[in-house]
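All values derive from a computational prediction rather than experimental measurement. Heavy-atom basis, side chains included; hydrogens, waters and symmetry copies ignored.
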Amino acid sequence: MALELSADSFDPPGDPLDEVMARLRPGFVPSLEDVGLLFEATRTVQRAFEEIDRANTVLNEVSDLGEQIEAALEDGLSRRARAEIPVLLSALRTQAARVERSEAVRAVANRILGNDDGDEPESLDPVPALTADLLPRVPSVYDDEEEPGSSLADLWERQERLERVQDRVRRERVERVAAHLASLAEKVVDRSFTDTRFTRAALDEMDRAYALWCACLDEA
């Protein structure tokens, strides 16, 4: 079972170990305290490598699970199975949290090994936001001014034509939001959830987009 580690868990060697290493020379006989310090330093490094291996395993597992969730999300959206989507979005959040915890431990391990690469890299691009205002507008009867002298048959034909256009636009609105959700899931999974800021923002946007998708379904 993987150890739950933080920056305080490793107890990295400090000045006493440096002093022991400075005294190591031909003929030097280390004390029991010196041996203990060397042993603890070796164990600390060993644990750091073990945690990096575990972090790599987590990434591999999450990558596979993420692809499965992404495929299930696309399928649910295509079937308009609105009750399934929140479960899948929650599953994505669970995997994202798992990676975030694992990568935090990896960062500690890398610092122990002297492989600290600095701050978290910036997201490659911002998370696109989709709102109702950005969707095609559903036309209304007020968009078609009635022509003077129109017969009842003409009015009926225009009404039927308007309803066909409205149905098409409503379907398009649903499909646009579904494509937005699927695209965000793909981007998160492609990055294996490792871009923390992008992943958090994308998951929040997916929650908003799901609400918009449901609203569009209610219109259709």
Side-chain angles (χ1 to χ4, degrees), residues 1-10 45-113 115-131 174-217:
M1 180 178 179
L3 297 174
E4 292 294 333
L5 297 179
S6 65
D8 298 329
S9 303
F10 279 105
V45 171
Q46 180 183 0
R47 290 176 66 195
F49 279 116
E50 289 171 353
E51 290 306 321
I52 289 175
D53 286 341
R54 291 188 183 103
N56 290 336
T57 299
V58 167
L59 281 186
N60 290 334
E61 293 175 353
V62 166
S63 179
D64 292 339
L65 287 171
E67 290 179 357
Q68 295 173 26
I69 296 170
E70 178 190 348
L73 180 66
E74 292 182 5
D75 177 65
L77 290 168
S78 68
R79 291 186 289 104
R80 299 190 175 188
R82 70 171 73 194
E84 297 178 12
I85 307 306
V87 177
L88 296 170
L89 296 182
S90 178
L92 287 175
R93 282 193 179 275
T94 297
Q95 298 309 315
R98 185 182 174 196
V99 170
E100 188 170 344
R101 289 192 300 269
S102 178
E103 290 302 299
V105 174
R106 183 202 295 273
V108 174
N110 277 325
R111 286 199 295 272
I112 297 300
L113 298 174
N115 297 329
D116 188 10
D117 56 0
D119 297 332
E120 178 186 353
E122 294 185 2
S123 299
L124 297 179
D125 45 57
V127 175
L130 183 63
T131 64
V174 171
E175 291 167 0
R176 285 274 295 273
V177 183
H180 179 61
L181 276 162
S183 175
L184 288 174
E186 181 181 9
K187 289 178 180 179
V188 167
V189 172
D190 280 350
R191 302 179 188 198
S192 299
F193 303 87
T194 54
D195 188 334
T196 302
R197 281 173 287 189
F198 181 89
T199 298
R200 289 178 179 176
L203 291 173
D204 289 344
E205 170 63 16
M206 291 177 77
D207 285 341
R208 290 188 291 269
Y210 169 69
L212 177 59
W213 183 68
C214 288
C216 291
L217 284 179

- request: Flag the pair D64 / N60 as yes when at least one side-chain heavy-atom distance between them is below 4.5 Å, and no otherwise.
  value: no
message: Please report the interatomic distance CG(L203) to CG(L89), rounded to the nearest 0.5 Å.
response: 8.0 Å
message: Could you measure the distance from the CG atom of L92 to the CD1 atom of I69? Nearest 0.5 Å is fine.
response: 5.0 Å
task: Give the minimum heavy-atom separation between A81 and W213, together with the two atoms involved.
output: N-CH2, 4.1 Å
Check: L65 and R98 side chains under 4.5 Å, non-hydrogen atoms: yes
message: Quick check: do E67 and S63 have side-chain heavy atoms less than 4.5 Å from each other?
response: yes
field: Salt-bridge contact E50-R47 (side-chain N to carboxylate O under 4.0 Å)
entry: no
- request: Start with the C-alpha distance between D204 and V127, add both sets of side-chain angles, then the distance that settles side chain to side chain contact (heavy atoms under 4.5 Å, CB included), and finish with yes or no.
  value: CA-CA 10 Å; D204 289 344; V127 175; over 6 Å; no
task: Heavy atoms only: give me the nearest C216-V177 pair and the separation to one decimal.
output: SG-CG2, 4.2 Å
- prompt: Would you say the side-chain atoms of Y210 pair up with the backbone N or O of L181, donor to acceptor, closer than 3.5 Å?
  reply: no
- prompt: If you measure from CD1 on I52 to OG on S102, what distance do you get to the nearest 0.5 Å?
  reply: 10.5 Å
message: Looking at every non-hydrogen atom in both residues, tell me the closest pair between E205 and A129 and how far apart they are.
response: OE2-CA, 3.4 Å
- request: Specify the closest pair of heavy atoms between A202 and L184, including all atoms of both residues, with the distance to one decimal.
  value: O-CD1, 4.1 Å
P128 vs K187 side-chain heavy atoms within contact, under 4.5 Å: yes
message: Rounded to the nearest 0.5 Å, what separates atom CZ in R54 from atom CZ in R106?
response: 13.0 Å
task: Check whether any side-chain heavy atom of S78 lies under 4.5 Å from a side-chain heavy atom of D75, and answer yes or no.
output: yes
message: Quick check: do I112 and E51 have side-chain heavy atoms less than 4.5 Å from each other?
response: no
task: Keeping the roles fixed (side chain from T199, backbone from D195), state whether a donor-acceptor pair exists under 3.5 Å.
output: yes
query: Hey, are the side chains of E103 and L59 touching, using non-hydrogen atoms and a 4.5 Å cut-off?
result: yes
task: With rounding to the nearest 0.5 Å, note down the distance linking CG in L217 to CZ in R82.
output: 4.5 Å
message: Just verifying a value: how many Å separate L77 CG and E175 CD, rounded to the nearest 0.5 Å?
response: 11.5 Å
message: A side-chain contact here means heavy atoms from C-beta on lying under 4.5 Å apart; do E70 and E74 qualify?
response: yes
- request: Applying side chain to side chain contact (heavy atoms under 4.5 Å, CB included), run through T131 and L212 and close with a yes or a no.
  value: CA-CA 7 Å; T131 64; L212 177 59; 5.6 Å; no
